[in-house]
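Take a look at the structure set out below.
Atoms within each ligand, like the ligands themselves, are counted from 1 in listed order. Only a predicted model underlies this, so the values are computations on that prediction, with no experimental measurement involved.
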Amino acid sequence: MTTETRVAVTGGTDPLRSRAHRLTVAEVAEELHTDSASGLTTEAAGRHLAAHGPNTLPTESDGGALRRLLRQFHDPLVYVLLAAVAVTLALGQLVDAGVILGVVLLNAVIGYVQEARARQAIDALARMAASEATVVRDGATRRVAAAGLVPGDLLVLQAGDKVPADVRLVRATSLEIDESAVTGESVPAGKSAAALPSHAVLADRTNLAHSGTIVTRGSGMALVTGTGADTELGLISRLTRGAGSTGTPLTRKLAGFSRKLAVVIVVLAALTMLVGLLRGDPFGDTFVAAVALAVGAIPEGLPAAVTIVLAIGVTRMSRRHTIVRRLPAVETLGGTTVICTDKTGTLTANEMTVTAVLTAENTYPVTGSGYAPEGELAGDLRRDHALAECLLAGVHCNEATLRVTDDGWQIVGDPTEGALLVVAAKAGLERPADQRVDTLPFESERQLMATLHRDWAGRLTGYVKGAPERVLALCADQLDAAGTRVELDREAVRAIATEHAGRGLRVLAFARFTPPRGTEVLREEDLPGRLTFLGLQLMHDPPRPEAMDAVAACRRAGVEIKMITGDHGATAEAIGHAFGLPRRTVSGAAIATTPDDELADTTVFARVSPEQKLRLVRLLQRRGQVVAMTGDGVNDAPALRQADIGIAMGKAGTEAAKEAADMVLTDDNFASIEAAVEEGRGVFDNLRKFLAWTLPTNIAEGLVILVAILVGATLPILPVQILWINMTTAVFLGLTLAFQPKEPGIMDRPPRSPGQALLTGDLVRRILLVSLVLVSGAFAVFQAQLASGVPVAEARTAAINVFVLVEVMYLISCRSLDRLRARGRNPWLLGGIALMLGLQALITYVPILNTLFHTAPVGAEAWLLALGIGLVAYAVVESDKVLWRRFDRRGQRGRNGQTRSEMP
Ligand SMILES: Nc1ncnc2c1ncn2[C@@H]1O[C@H](COP(=O)(O)OP(=O)(O)OP(=O)(O)O)[C@@H](O)[C@H]1O
């Protein structure tokens with residue numbers, strides 16, 4: 001390897017990256033040992049990769065494993081526990097000190113492992129969402145992972161790409177780059193390949209492009225000069241991707257809640273201690289009681305558990321073709337009230353087939369479907385010049401290629417253009433070997449594409465294809481079957497186009513023109529009035545059947561669907577109708593003049609520009625909607641960012657759109673959005689279940705201690721025992737709720753209202769009820785045992801068993817918060833219960849554990865008592881479900897049929 005290359009790129013005081021602007025392309029290529037036409041060889045790229053490392057930014061340092069482990073101790077509760085260790089040590093209670101310390105350590109290890117697992121799940125997703133780049137290697141164009149780029153690579157840049165490394169441009173065609181990520185300049189900068197004077201500052205180096213910036217227009221080729229940390233972006237910041245962070249508004253809110261609660265509880269604990277001391281209780285006992293109160297009542301594991309539930313949800317979604325880039329999206333998804341979706345490729349299959357060609361005088365149906373050129377066009381190219389020219393225009397004005405592979409016929413490129421190649425092949429037309437002089441590429445905003453060709457005799461012809469309204473407006477006349485230019489009845493053609501669009505077909509118009517001699521460059525402004533109309537081609541794009549089901553499911557779930565498309569209003573409305581969407585359509589310019597109220601009720605938006613998408617998102621949000629919006633183009637980024645859930649297309653989407661999105665669909669299919677909403681609802685449900693299950697334990701533990709001290713009774717449970725309960729049950733029982741399958745009617749109920757808290761009034765009531773059962777049950781059993789003459793240790797063991805068995809029974813009930821019979825199997829839950837009961841048997845009967853936790857073997861009747869109280873808790877909760885439902889029904893009638901939860 002090539003120490004010299006390494007020195008050339010990164011060595012010295014002046015890295016190539018910061019000199020490249022004043023060198024010529026040839027000089028840069030020479031320094032990089034590469035070729036500005038054919039790129040690196042695969043072999044050289046491999047060597048460079050070994051030398052320079054992957055093209056990734058160092059992730060935000062989290063200090064390595066030891067730091068993360070130590071961080072587990074940085075918690076007010078742990079401080080309380082450590083203080084307890086010190087005091088118990090000072091009092092000579094070595095065993096207790098050891099057990100508390102052991103529990104603190106164990107807690108840290110569990111916290112560490114849980115955090116690591118959640119992080120792994122999220123990192124894995126970040127890797128799946130990793131971007132790709134197009135490079136030339138060994139002289140051929142190919143897609144590679146952006147992380148595999150090396151200095152010397154020849155990069156292909158196109159509108160919508162994120163520039164994946166620092167580069168020196170080799171060629172630029174109308175290239176514009178949004179450099180705000182690096183220079184802060186919000187207006188995209190024009191780029192060229194020419195060398196510049198050495199004093200040009202970063203923002204003026206128009207022949208360079210920087211990692212992290214976004215190509216907004218045009219195209220270009222460039223040589224990579226710096227990768228990974230050796231880029232401007234690497235220098236400026238140690239930015240990490242949003243997906244890398246595990247915090248969400250919810251976890252942060254819960255962490256804040258836990259902290260505040262901890263303060264309140266510590267104060268309460270200090271007060272209880274004071275009461276005990278004033279009463280003359282020994283210091284050691286009161287201190288231990290105060291610690292027990294603090295330890296029991298603080299829901300320390302809450303934020304971690306919530307992160308885990310979210311991470312599990314995210315993993316489930318990835319199995320259903322959705323990559324979540326930002327964790328908070330999972331919380332928001334379940335509350336989505338409107339989905340604004342693309343049409344082509346998302347609702348429809350984007351498998352275009354031309355079904356007919358229409359010329360001035362004739363209509364030619366085409367048979368066959370798919371991309372195989374098998375089928376017939378019922379016409380003779382020699383008899384109808386307009387037909388021949390119309391097909392020729394479709395072949396010339398085209399960037400796609402048709403090829404046959406082992407899997408049959410396939411197109412590379414835009415399916416709309418692929419269909420034009422297929423129909424030409426069916427008619428027996430071959431692509432002539434004319435030279436293409438210039439191209440006006442297709443852009444959604446422009447709605448047309450034009451190409452300029454020179455034939456063997458040096459004659460120039462231009463071809464145009466695009467949306468009929470756009471093309472017709474530029475035409476002066478039309479071609480007839482004999483090849484003569486005749487008068488064009490624009491209105492008549494427009495009416496025909498609209499009629500076919502109304503049947504759900506995509507209609508493209510074709511035209512040609514003869515530019516002045518010597519023309520080398522195509523300009524949009526030269527087209528008006530110059531074109532001769534050739535004909536229309538009609539295309540069919542079948543709706544995706546699974547998307548049809550998904551749209552229906554969303555609408556049943558009270559989620560409104562709006563179709564937003566660049567296509568013709570009539571086509572969009574017809575397809576929308578096939579999906580069951582009401583025929584309320586606005587198109588193009590009319591969107592600007594339609595009042596907000598009407599716009600909010602519209603279901604189909606046609607000929608939409610990206611700015612209009614942004615306006616629509618804002619409008620809906622102002623009306624309190626939670627908006628999910630799809631997008632694929634570079635200009636969709638603002639709307640995607642503004643939406644509550646921005647969804648980018650993984651296949652057809654640009655890097656710019658993916659970068660701005662919260663979620664990426666790996667199959668571009670609407671059905672995956674519906675699946676994600678469903679999963680999001682499931683995650684939210686499971687979070688509520690977890691909270692409902694976990695909080696009563698904390699409340700009851702706190703209350704048991706508080707009451708015991710205030711009335712001067714013996715403590716029914718000790719601090720180490722509380723630690724035992726909290727540690728084991730949270731992991732073996734509580735977390736299994738994260739695996740609870742979604743409830744059957746999950747998509748039959750309306751979305752949760754955007755402002756709804758996790759803890760609703762109903763849930764608070766349930767939590768208090770269970771706490772009450774726990775406190776009174778534990779006290780009752782403890783006192784009853786004492787009264788029957790057993791030693792305190794045995795009575796306490798019975799009280800611990802009450803806690804554990806109530807939690808087990810309540811867990812069974814929490815599989816559903818409102819159904820008597822939860823559906824769907826959760827083997828984790830059953831396994832967790834079995835394990836927990838096993839552990840409980842160990843702590844009750846194993847002598848060494850008895851010594852450590854101050855427990856003692858209990859008889860069968862103590863177990864029966866505990867089980868009885870567990871059953872009482874179960875019965876109370878199940879009755880609460882029934883009552884809840886009754887009230888709910890009455891409430892619904894009161895609210896005029898606004899449905900909430902549908903019951904079995
Ligand atoms: N490759 C193309 N060349 C020329 N015109 C095209 C091409 N593709 C589409 N058009 C025209 O431009 C219009 C807008 O296309 P655009 O790609 O923006 O939206 P779309 O694919 O129809 O819909 P969606 O926004 O739902 O994905 C189309 O209705 C068609 O008339």
Side-chain angles (χ1 to χ4, degrees), residues 159-160 339-352 354 390 393-401 411-421 439-451 463-474 494 497-498 500-501 504-511 524 527 536-541 543-544 547 561-576 579 581 585 587-588 604-610 612-613 616 629-636 639-640 647-649 651-654 657 665 668-670:
I339 301 174
C340 300
T341 173
D342 272 349
K343 173 179 70 71
T344 314
T346 311
L347 293 173
T348 65
N350 203 6
E351 283 161 15
M352 302 279 173
V354 173
C390 184
V395 171
H396 266 322
C397 201
N398 202 316
E399 302 288 2
T401 44
I411 55 131
V412 182
D414 178 356
T416 299
E417 297 188 345
L420 301 175
L421 298 180
T439 308
L440 205 61
F442 169 72
E443 278 173 18
S444 287
E445 284 82 31
R446 197 182 280 147
Q447 290 179 17
L448 57 75
M449 169 177 176
T451 49
Y463 287 102
V464 178
K465 75 174 196 301
E469 319 89 278
R470 281 286 284 136
V471 174
L472 283 170
L474 304 173
R494 207 170 274 152
T498 308
H500 290 291
L505 298 173
R506 162 168 286 205
V507 186
L508 280 194
F510 296 80
E524 204 175 340
L527 298 180
L536 302 172
Q537 299 200 30
L538 313 182
M539 296 183 192
H540 175 61
D541 179 16
R544 292 176 183 261
I561 308 295
K562 295 190 187 289
M563 180 203 279
I564 301 195
T565 174
D567 216 337
H568 191 285
T571 311
E573 186 170 284
I575 303 262
F579 277 84
L581 301 183
T585 308
S587 187
V604 177
F605 298 80
R607 299 286 193 229
V608 177
S609 71
Q612 289 171 332
K613 274 191 174 186
L616 184 66
M629 161 83 78
T630 65
D632 47 18
V634 52
N635 298 331
D636 287 336
L640 290 179
I647 304 170
M649 299 300 147
K651 287 205 222 151
T654 56
L665 300 184
D668 294 9
N669 190 338
F670 183 85

Residue and atom name of the nearest protein heavy atom (relative to atom 20 (P) of ligand 1), distance in Å to one decimal: R506 NH2, 3.1 Å
Atom indices of ligand 1 within 4.0 angstrom of A467 heavy atoms, with elements: 31 (O)
Heavy-atom nearest option to atom 2 (C) of ligand 1, drawn from F605, F442, F510: F442
S444 N/O under 3.5 Å from ligand 1 N/O: yes
Contact summary for A657 and G631, nearest pair of heavy atoms: CB-O, 4.2 Å
Intermediate values then yes/no, salt bridge (charged side-chain N to carboxylate O under 4.0 Å, His left out), R544 and D668: CA-CA 11 Å; R544 292 176 183 261; D668 294 9; over 6 Å; no
Results of side-chain contact (heavy atoms from CB on, under 4.5 Å) for R470 - residues two or more places apart only: R446, Q447, L448, A467, E524
Short N or O distance, G566 and ligand 1, threshold 3.5 Å exclusive: yes
Ligand 1 contact on D414 by region, counting heavy-atom pairs under 4.0 Å: side chain
Heteroatom proximity flag, K343 to ligand 1, N/O under 3.5 Å: yes
Taking atom 30 (C) of ligand 1 as the reference point, the nearest protein heavy atom with its distance: L508 CD2, 3.6 Å
Contacts of A159 that satisfy side-chain contact (heavy atoms from CB on, under 4.5 Å) - sequence neighbours left out: none
Close approach of R607 to ligand 1, heavy atoms, under 4.0 angstrom: yes
Ligand 1 contacted by G345 (non-hydrogen, < 4.0 Å): no
Check: N398 side chain, A400 main-chain N or O, donor-acceptor pair, under 3.5 Å: yes
Polar side-chain atom of T654 near backbone of D632 as donor-acceptor pair, under 3.5 Å: yes
Per-atom contacts, ligand 1 versus G466 - under 4.0 Å to a heavy atom: 4 (C), 5 (N)
Numbered atoms and elements of ligand 1 in range of T565, under 4.0 angstrom, heavy atoms: 22 (O), 23 (O), 24 (P), 25 (O), 26 (O)
Atom 27 (O) of ligand 1: the protein heavy-atom neighbour that sits closest, reported with distance to 0.1 Å: T344 CB, 3.6 Å
Side chain K343, main chain I575, donor-acceptor under 3.5 Å: no
Presence of salt bridge, D541 and R506, under 4.0 angstrom: no
Pair M563-T585, side chain to side chain contact (heavy atoms under 4.5 Å, CB included): steps then yes or no: CA-CA 9 Å; M563 180 203 279; T585 308; over 6 Å; no
